[in-house]
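Residue numbers start at 1 and run along the sequence shown.
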Amino acid sequence: MAIRPADQIVHKAAWLYYAHGLRQDQVAQQLNISRASVAMYLRKARETGIVNISTSTQLFTDDVTAREIEDAFGLDAVWIAPHGDHVDPAAEVPVLAASVFLQLVGKGDKIGVAWGQTVYAIADVMAYADLQDVTVVQLCGNLGAPFAYRPDQCTMEIARRLNAKGLNFYAPLVLSTEGLAKDLRSEPVIREQLAGISECDLALYSIGTVDAGSHVVKCGALTSDEMDALRREGAAGVVAGQIIDNKGALLDCSYNRRCISADLASLRAIPKRLVVVQEENKFEPLLAGLAGGLCTHLVINAAMARRLLDHAKAANRRKAS
């Protein structure tokens, strides 16, 4: 059920005050209302239960642009984080995504989590919940680099926030040879964990870039020269440590054959695939993920939403001409 126009201001006030920690005077300035009105709206939010921030995420799905993006790309739901004068733009998408994620988690769910700065930022702002019957599993092998956003760190931090069971992947992301990777995937423990990924109810990941700033380059899985070569061969994005082309298919390359990660068919089998993107340089990778059916639920900022919609409209014009 859509939020009534008269209640939208209540949801906005609750979101800014409870999710972003703005003071009442800052909320008043942001919404161009009096501080007394803010206090009244927050009281109404508490009385009606709107302070359950997951309810307030509905505010970000009532945007016409979100509906148009859903229709254009065949998505189940889109949330668009607006830009606010008193809100850090870098924090807006992770805060919204964390609330959306909690809204999507169901009792007894099995959740697959990838890795990266976006995913860890979501975990870092996620509210604590008591979901002891939920299991959080790692979608890909690990990296030895000392980064907070390693796959095992992202998985266990989200499990900790949910008071859920966390299952790490005790294998490296990339092996030195294809034969070694094939043998490791055949090991019973690894084989069982990879096979169980398609049984997840929800997945959380972003789509990485294929440039020198890519996480797989920063963490040493690939060199910049190797990534440049893969891009010339058609690399368009990174999903759970694996390289995809512009159609969202697994790129035929030695790197992917040396990866220990969920295959794309297993990811597509997960009913709810929540993709979160905020960096502008992830536009092309996001298009690749969308083309490959790797996303059902999407959280983006307003600038990315406009680019997606412009792209879809341009594609429709080309088809019509």
Side-chain angles (χ1 to χ4, degrees), residues 3 7-33 38 41-42 45 50-70 75 77-105 113-114 116-129 148-149 154 157-158 161 204-209 213 274-283 285-286 289 295 297-310:
I3 298 174
D7 287 338
Q8 287 189 354
I9 190 71
V10 180
H11 282 256
K12 288 180 180 179
W15 179 261
L16 293 170
Y17 185 78
Y18 289 104
H20 282 289
L22 268 62
R23 300 188 307 272
Q24 289 190 20
D25 62 318
Q26 291 176 316
V27 175
Q29 185 177 352
Q30 176 89 358
L31 300 179
N32 196 27
I33 57 178
V38 172
Y41 292 145
L42 293 177
I50 291 173
V51 290
N52 177 355
I53 296 302
S54 66
T55 300
S56 291
T57 62
Q58 185 182 346
L59 175 67
F60 302 96
T61 67
D62 282 340
D63 188 280
V64 173
T65 303
R67 302 286 72 70
E68 291 177 327
I69 292 173
E70 288 170 5
L75 302 176
V78 173
W79 291 262
I80 301 173
H83 173 72
D85 294 337
H86 292 284
V87 177
D88 180 5
E92 184 67 67
V93 170
V95 168
L96 176 57
S99 296
V100 168
F101 176 81
L102 290 174
Q103 178 181 326
L104 293 175
V105 176
V113 173
Q117 288 177 307
T118 299
V119 173
Y120 194 80
I122 294 167
D124 195 44
V125 299
M126 189 175 293
Y128 288 90
Y149 53 80
C154 291
E157 181 59 24
I158 290 178
R161 299 284 172 141
L204 171 65
Y205 47 85
S206 188
I207 313 287
T209 59
L274 176 60
V275 171
V276 182
V277 171
Q278 66 175 345
E279 299 95 328
E280 290 302 306
N281 64 345
K282 287 187 174 182
F283 179 66
L286 175 57
C295 173
H297 297 69
L298 178 64
V299 177
I300 49 178
N301 60 25
M304 185 67 77
R306 287 192 297 271
R307 292 184 69 181
L308 283 178
L309 201 52
D310 289 344

Using side-chain heavy atoms (C-beta onward) and a distance below 4.5 Å, is I69 in contact with I300? yes
Distance col, row L204:CG vs F101:CZ, nearest 0.5 angstrom, shows 5.5 Å
Contact summary for A97 and I122, nearest pair of heavy atoms: CB-CD1, 3.8 Å
Test V93 against V276 for side chain to side chain contact (heavy atoms under 4.5 Å, CB included), laying out the working first. CA-CA 8 Å; V93 170; V276 182; 3.5 Å; yes
d(E157 CD, M126 CE) to nearest 0.5 Å is 9.0 Å
If you compare all heavy atoms of I207 against all heavy atoms of V277, which two are closest, and at what distance to 0.1 Å? N-CG2, 4.3 Å
Would you indicate whether N32, at its atom CG, is surrounded by more than 12 heavy atoms from other residues, nucleotides or ligands within a distance under 6.0 Å? no
Is the closest side-chain heavy-atom distance between H297 and L104 below 4.5 Å? yes
Locate the shortest heavy-atom distance separating E280 from R307; write the atom from each residue and the value. O-NH1, 3.0 Å
Side chain to side chain contact (heavy atoms under 4.5 Å, CB included), that's the test. Do Y41 and V27 meet it? Break it down for me. CA-CA 11 Å; Y41 292 145; V27 175; over 6 Å; no
Could you report the tightest heavy-atom contact between A305 and I80, atom names first, then the distance? CB-CD1, 3.7 Å
For residues 94-104, the salt bridge (charged side-chain N to carboxylate O under 4.0 Å, His left out) pairs (sequence neighbours left out) are none
Nearest heavy-atom contact between A123 and I158 is CB-CG1, 3.5 Å
Take L308 and V78 through the test side chain to side chain contact (heavy atoms under 4.5 Å, CB included) and record every step on the way to the result. CA-CA 12 Å; L308 283 178; V78 173; over 6 Å; no
Could you report the tightest heavy-atom contact between V119 and S206, atom names first, then the distance? CG2-N, 4.2 Å
Given side chains that start at C-beta, do those of L75 and C295 come closer than 4.5 Å, heavy atoms only? yes
Applying salt bridge (charged side-chain N to carboxylate O under 4.0 Å, His left out), name anything that partners E279, two or more places apart in sequence or on another chain. K282
Between V275 and Y205, is a side chain to side chain contact (heavy atoms under 4.5 Å, CB included) present by the stated rule, with each step listed? CA-CA 5 Å; V275 171; Y205 47 85; 3.6 Å; yes
